[in-house]
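Read the structure below first, then the notes.
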Amino acid sequence: MTQDRKKIGLPYLFKKVEEGEPISWLTCYDYPTAYLQEEAGVEMILVGDSLGMTMLGYDSTLPVTMNDMIRHTSAVRRGAPTAFLVGDMPYMTYQASTEDAIRNAGRFMAEANCDAIKLEGGAAMTPRIKGIVDAGIPAIGHLGLTPQSVASLGGFRVQGKDAALAKKIVDDAKALEEAGAFAILLELVPDRLCKIITERAENCIIMSLGSGPDAHGQLLIYHDMFGLYPKFKPRMAKVYGNAGEVIGNGLAQYVKEVKDTTFPAKENYFGMKDDEYNELLDMLD
Ligand code: KIV
């Protein structure tokens, strides 16, 4: 479908905002899925550090390294050459210093051919955003439920339900925009808070993950959409198909067919001509 699609860049994304057309964004961690997302016309792809949980089986995103991210992100780029590709800065690759942040953001651009990076945090992260943007790298902020700080947020829950915290998120969004973030992801904040932030954004694209319809676009976690993560499904995720169940049934069928010898059938293996076979037997004798 997207064979003729031109490479998506910032002008395309801002044009969509201007035209009032919501932007589609999904997580992705591997080549075959990236290929499918590109074919389906997904406009933005996030290689999230959620790959620590969805692909590597950790209980949180914290153990993910820059090398993990580069390996997966470059595979995604090979499958999705025209999508706007965002690399997610893993835990402790930007928190300690602006220099770390710039170097690691630079790795995403140079080694994985990304279009932008994303990092978590509010006003405290503005020096990081400014440093990265000044180095010529487009940056996306991430507010609300920020999984790298889940311990201090008190778990995976909606953020900004009370007015005081909601006001802080509004202020953080403005601070990130002023520091140069071209987009902000709002994860799991109330819909009316997301609407306020979107309306106040002047030169910043506001994206929603579980934060309602009023943002400039939507993000979903791919594994939640298709029943591919066995441990839990967040309430806000919409399931578009149960690939996990299809694969599980196929695997059980495979085991059964190996046991009852219905697999392999004739079409699943190759024969040998009689004369070659007989000659082989002679040679073995
Ligand atoms: O790592 C990730 O996939 C993310 C999403 C939860 C937004 O940061």
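Just so we're clear, the structure is a prediction, and the values are computed from it rather than from any experiment. In this chain, residues are counted from 1 in sequence order. Just so you know, ligand 1 is whichever comes first in the structure, and atom 1 is the first atom listed for that ligand.
Atom NZ of K130 has 12 or fewer neighbouring heavy atoms from other residues, nucleotides or ligands inside a 6.0 Å radius. Dense packing is recorded around CD of E257, with more than 12 heavy atoms of other residues, nucleotides or ligands lying under 6.0 Å away. Dense packing is recorded around NZ of K231, with more than 12 heavy atoms of other residues, nucleotides or ligands lying under 6.0 Å away.
Counting only heavy atoms from C-beta outward, the side chains of I197 and I169 approach each other to under 4.5 Å.
Between Y240 and F226, the ring planes are tilted. Angles from 30° to 60° get that label.
Side chains of Q37 and Y222: no donor on one and acceptor on the other come within 3.5 Å.
Contact annotation for L209 and ligand 1: only side-chain heavy atoms (C-beta onward) come within less than 4.0 Å of the ligand. Here D49 has heavy atoms under 4.0 Å from ligand 1 in both its backbone and its side chain.
Geometrically, ligand 1 and K118 share a nitrogen or oxygen pair separated by less than 3.5 Å. Looking at E187 next to ligand 1, no N or O pair under 3.5 Å apart turns up. Between D88 and ligand 1, at least one pair of N/O atoms sits closer than 3.5 Å.
The contact set between ligand 1 and H142, taken as ligand atoms under 4.0 Å from a residue heavy atom, comprises 7 (C), 8 (O). Which parts of ligand 1 touch G48 is read off a 4.0 Å heavy-atom cut-off, strictly below it: atoms 1 (O), 2 (C), 3 (O). Listed by number with element, the atoms of ligand 1 under 4.0 angstrom from any heavy atom of T27 are 3 (O).
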Apply salt bridge (Lys or Arg N to Asp or Glu O under 4.0 Å) to residues D115 and K7 and explain how you reach the verdict.
CA-CA 10 Å; D115 298 300; K7 175 81 195 72; 2.9 Å; yes
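What sits closest to atom 5 (C) of ligand 1 on the protein, heavy atoms only, is I221 CD1, 3.9 Å. When only non-hydrogen protein atoms are considered, atom 2 (C) of ligand 1 lies nearest to S50 OG, 3.2 Å. Remark: minimum distance from atom 7 (C) of ligand 1 to any protein heavy atom is reached at L185 CD2, 3.3 Å.
Between the side chain of E177 and the backbone N or O of N203 there is at least one donor-acceptor pair closer than 3.5 Å.
Using a 4.0 Å heavy-atom cutoff, L219 is listed among the residues neighbouring ligand 1.
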